[in-house]
Protein chains: 2
Amino acid sequence: MKSKHIPRATIQRLAVYLQVLEALNDEEIEVVSSEALARACDVNPSQIRKDLAYFGEFGVRGVGYYVAKLIQSIKVSLGTDRIWRTALIGVGNLGRSLLRYKGFPKRGFQVVAAFDCDPFKIGETIAGLEVMCPRRMKENVKDMRIEIGIITTPTDRAQRAANYLVESDIHCILNFSAARIHVPDHVFVEYVDFFHHLYALTFKLNTSAVQRFESFSKN
Amino acid sequence: MKSKHIPRATIQRLAVYLQVLEALNDEEIEVVSSEALARACDVNPSQIRKDLAYFGEFGVRGVGYYVAKLIQSIKVSLGTDRIWRTALIGVGNLGRSLLRYKGFPKRGFQVVAAFDCDPFKIGETIAGLEVMCPRRMKENVKDMRIEIGIITTPTDRAQRAANYLVESDIHCILNFSAARIHVPDHVFVEYVDFFHHLYALTFKLNTSAVQRFESFSKN
DNA sequence: GCAAACATGTTCATTTTTTCACAACTCATT
DNA sequence: AATGAGTTGTGAAAAAATGAACATGTTTGC
């Protein structure tokens with residue numbers, strides 16, 4: 001395997017494989033073929049083999065993939081074979097929900113600090129974390145070894161939150177707000193918005209409705 | 001423009017364009033060029049022009065795109081120039097948060113029914129909706145003209161929820177649970193999991209760390 | 001020990017997506 | 001009216017992703 005650029009789509013699929021493999025593991029299934037895994041993930045078997053080949057040779061010819069080992073290999077490939085320490089900025093409804101969410105550690109993450117610029121929220125304790133002023137972010141990021149920032153502010157506060165994060169030397173941002181944010185080149189930003197998925201659905205509904213209409217008109 | 005298959009990536013980008021355009025509209029900017037929009041969305045200008053060309057000719061040569069008109073055109077293209085009626089299944093933490101979330105109408109959606117199989121939850125009223133038993137789903141879907149189902153159950157209940165939806169003649173499912181669900185071919189499913197985005201970040205962090213290490217070793 | 005069945009890793013052809021480059025068109029200015 | 005600067009829509013080229021095919025390796029059964 002030679003080092004090469006890895007498609008973003010591959011990373012997304014790896015996340016899916018991981019989820020399906022965890023389910024297989026829970027069912028105490030020990031070995032899986034690319035074909036069986038492909039059926040479960042609704043992709044092409046070669047696709048899976050190729051995706052995995054970017055990172056190494058994890059399977060056994062004539063046998064398949066050992067589920068537990070493959071899970072571990074994918075976690076290493078994605079970088080989630082350890083716990084990443086994150087900070088959350090913006091303690092509104094969404095922020096509070098995330099702070100109270102128990103599922104982070106299982107997926108390789110931990111929220112270790114919460115920030116909000118609202119003086120009424122600063123000092124409040126949520127899920128064991130004291131809400132802090134963003135002005136104190138830089139020192140906290142350093143002291144607490146925070147590597148990822150999660151923005152859950154309202155749209156109009158997102159850029160300021162991003163600025164605080166960048167000034168605190170964080171290069172990785174997960175942005176739940178509706179704002180596009182501008183950061184230096186070396187900073188990675190991922191945008192989360194479940195409406196995008198709803199749009200994908202309405203688009204399909206729409207076009208399939210149009211198709212039905214058109215074939216109806218022709219007859 | 002001839003009718004052709006439209007890439008999924010195009011749909012996702014349209015959603016981004018829409019968000020940026022709404023922001024421009026709020027700033028009362030009336031006209032935008034593909035180049036300016038491209039900068040804001042961090043994509044290639046021709047990409048934008050081509051994405052839009054799938055659906056029609058929305059711009060004016062020598063001028064650019066009229067923001068308000070383009071917003072409307074994209075909404076029509078995505079099918080969100082109206083309100084879609086959705087039902088939510090699974091009234092846990094996430095389900096409750098979504099039911100209480102005020103932002104649906106602005107994005108073209110409305111949650112008009114909530115289901116849960118827990119007898120202690122049935123009858124409870126959340127955000128003005130009475131939680132109902134999934135066994136009553138089919139009649140409700142018909143009566144209330146529900147077109148999209150949103151699954152917010154625990155992982156092990158997701159498939160059953162999907163079955164209820166399919167039996168109720170719903171062809172569109174947004175699945176927030178961690179389970180892959182199996183449905184007939186004519187049913188569309190979209191999966192929402194923000195950890196996938198975190199994985200994309202840790203992957204990049206990991207590889208850029210490796211690269212730094214490797215170039216350090218060489219010197 | 002050998003053959004048959006199985007399944008991976010990888011190459012190669014195909015398909016899809018992105019980017020480039022430019023003709024076509026608009027508008028402001030002279 | 002003509003010129004020039006600006007911008008779209010689109011065909012062609014380039015790049016990237018996908019899928020099929022097969023050589024390579026493993027296991028089972030006889």
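First the proteins, then the strands, lettered A, B, ... as listed; each starts at 1.
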*5'-most by nearest nucleotide on DNA chain D - B:F58 or A:R49*: B:F58
Short N/O separations, protein against nucleotides 25-30 of chain C, under 3.5 angstrom:
from   : atom 1 : to    : atom 2 : distance (Å)
C:dT26 : O4'    : B:R61 : O      : 2.7

Which pairs of donor and acceptor atoms, one on a side chain in residues 28-39 of chain A, lie under 3.5 Å apart (sequence neighbours left out)?
from  : atom 1 : to    : atom 2 : distance (Å)
A:S33 : OG     : A:E35 : N      : 3.4
A:S33 : OG     : A:A36 : N      : 3.1
A:S34 : OG     : A:R49 : NH1    : 3.0

Tabulate protein N/O versus nucleotide N/O from nucleotides 15-18 of chain C, keeping only pairs under 3.5 Å, one per line.
from   : atom 1 : to    : atom 2 : distance (Å)
C:dT18 : OP1    : B:R13 : NH1    : 2.9
C:dT18 : OP2    : B:R13 : NH2    : 2.9
C:dT18 : OP2    : B:Q47 : NE2    : 3.4
C:dT18 : O5'    : B:Q47 : OE1    : 3.4

With sequence neighbours excluded, tell me which residues meet side-chain contact (heavy atoms from CB on, under 4.5 Å) with [X].
| X | answer |
| --- | --- |
| B:A23 | none |
| A:V111 | A:T86, A:L88, A:L99, A:F104, A:L129 |
| A:K142 | none |
| A:V112 | A:R85, A:Q110, A:M144, A:I146 |

*asked:* Filter on side chain to side chain donor-acceptor pair (under 3.5 Å), then keep only pairs touching residues 146-167 of chain A, sequence neighbours left out; what's left?
replied: A:R82-A:E147, A:Q159-A:N163
Identify each donor-acceptor pair in which a side-chain atom of residues 69-78 of chain B lies under 3.5 Å from a protein atom, sequence neighbours left out, and give them as a table.
from  : atom 1 : to    : atom 2 : distance (Å)
B:S73 : OG     : B:K69 : O      : 2.9
B:S77 : OG     : B:S73 : O      : 2.8

*ring pair (Phe, Tyr, Trp, His ring centres under 6.0 Å) with A:H171: which residues, sequence neighbours excluded?*
A:H186
Hey, can you pull the donor-acceptor pairs under 3.5 Å for the side chains in residues 40-48 of chain B, sequence neighbours left out?
from  : atom 1 : to    : atom 2 : distance (Å)
B:N44 : OD1    : B:S46 : N      : 2.8
B:N44 : OD1    : B:S46 : OG     : 2.9

*Residues from residues 19-43 of chain A lying under 4.0 Å of DNA chain D - heavy atoms*: none
